[in-house]
Structures are given as structure tokens and as C-alpha cells.
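Only a predicted model underlies this, so the values are computations on that prediction, with no experimental measurement involved.
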Amino acid sequence: MRLVQKIMEILAIVLWILVIGTFAVAIVKHQLWSMGPIITYNRPRNFLGWMIVGAIASTAVSAVLKLVQGK
């Protein structure tokens, strides 16, 4: 159980770094508006949208596993 929690934690960190890096590159190249919409009609639309959803999900799973492991 601890191994799964560590893997999810590392996955969350990597995904958040990728999301922030993608935003930073888009801002530097003045292409931020061309990346949208990220989430519309309650569905992720492009690669960035899926990365954000994956980062949020892996962060939530990691937090739940950390709480369950403490019991």
C-alpha cells in the first residue's frame, strides 16, 4: 500500500510540473489563448486539459491513500 501511495505522489508531482511547464512555455511564446478551451461541457478537451485532470486525480488519490495508511 505504501508503494502505491509513493507512486501516486510521484505521478502527481510530475504531472503538476508538466502542467506548469506547459503554461510557462505557452505564456513565453504568446500562445496561451490558442490552447483553450481546456475544459468545456464538463469534459477535458485537449492534452493540457487531460494533464490537469490527471494531476488533480492523482493528487486526490495520493491524499486519500495517505489518510488510509495512517489508520
Side-chain angles (χ1 to χ4, degrees):
M1 185 77 137
R2 177 126 173 98
L3 179 65
V4 175
Q5 192 267 333
K6 257 318 184 200
I7 291 171
M8 291 306 292
E9 190 174 296
I10 291 170
L11 179 66
I13 291 169
V14 168
L15 284 174
W16 281 117
I17 289 171
L18 285 174
V19 167
I20 292 168
T22 304
F23 269 114
V25 169
I27 289 171
V28 168
K29 291 185 175 184
H30 303 290
Q31 296 176 345
L32 185 62
W33 293 111
S34 68
M35 295 176 67
I38 296 171
I39 297 176
T40 57
Y41 302 111
N42 297 327
R43 287 180 39 201
R45 286 291 172 184
N46 54 22
F47 183 68
L48 182 61
W50 282 106
M51 277 198 319
I52 291 172
V53 169
I56 291 171
S58 60
T59 302
V61 169
S62 175
V64 167
L65 288 174
K66 190 176 277 191
L67 287 174
V68 169
Q69 183 183 1
K71 292 184 179 184

Q. Is the side chain of Ser62 donor-acceptor paired with the backbone N or O of Ser58 at a distance under 3.5 Å, no angle test?
A. no
(Q) Is there a continuous path of hydrophobic side-chain contacts, each under 4.5 Å between heavy atoms, that joins Ile56 to Ile10? (A) yes
Q: Answer yes if Val19 and Ile27 sit in the same cluster of Ile, Leu, Val, Met, Phe, Trp and Tyr residues linked by side chain heavy atoms under 4.5 Å apart, and no otherwise.
A: yes
Q: Establish whether Trp33 and Phe23 are linked, either directly or via other cluster members, by ILVMFWY side-chain heavy-atom contacts under 4.5 Å.
A: no
Q. Are Leu15 and Val64 connected, step by step, through hydrophobic side chains (Ile, Leu, Val, Met, Phe, Trp, Tyr) whose heavy atoms are closer than 4.5 Å?
A. yes
Q | Side chains of Phe47 and Leu18 in contact at under 4.5 Å (non-hydrogen atoms) | A | no
Q.
Tell me whether Trp16 at atom CH2 has more than 12 heavy atoms from other residues, nucleotides or ligands lying less than 6.0 Å away.
A. yes
(Q) For the CD1 atom of Ile39 and the CZ atom of Arg45, what is their distance to the nearest 0.5 Å? (A) 10.5 Å
Q.
If I take atom NZ from residue Lys6 and atom NZ from residue Lys66, how far apart are they, to the nearest 0.5 angstrom?
A. 7.0 Å
Q: Could you tell me the separation between the CG atom of Leu11 and the OG1 atom of Thr59, rounded to the nearest 0.5 Å?
A: 8.5 Å
Q: Nearest 0.5 Å please: distance from the CG atom of Asn46 over to the OG1 atom of Thr40.
A: 9.0 Å
Q | Sub-4.5 Å side-chain heavy-atom contact between Val61 and Val4 | A | no
Q) Is it true that Ile20 and Met51 fall in one hydrophobic cluster, defined by side-chain heavy atoms closer than 4.5 Å? A) no
Q: First locate atom CD of Gln31, then atom OG1 of Thr22, and finally report the distance between them rounded to the nearest 0.5 Å.
A: 12.0 Å
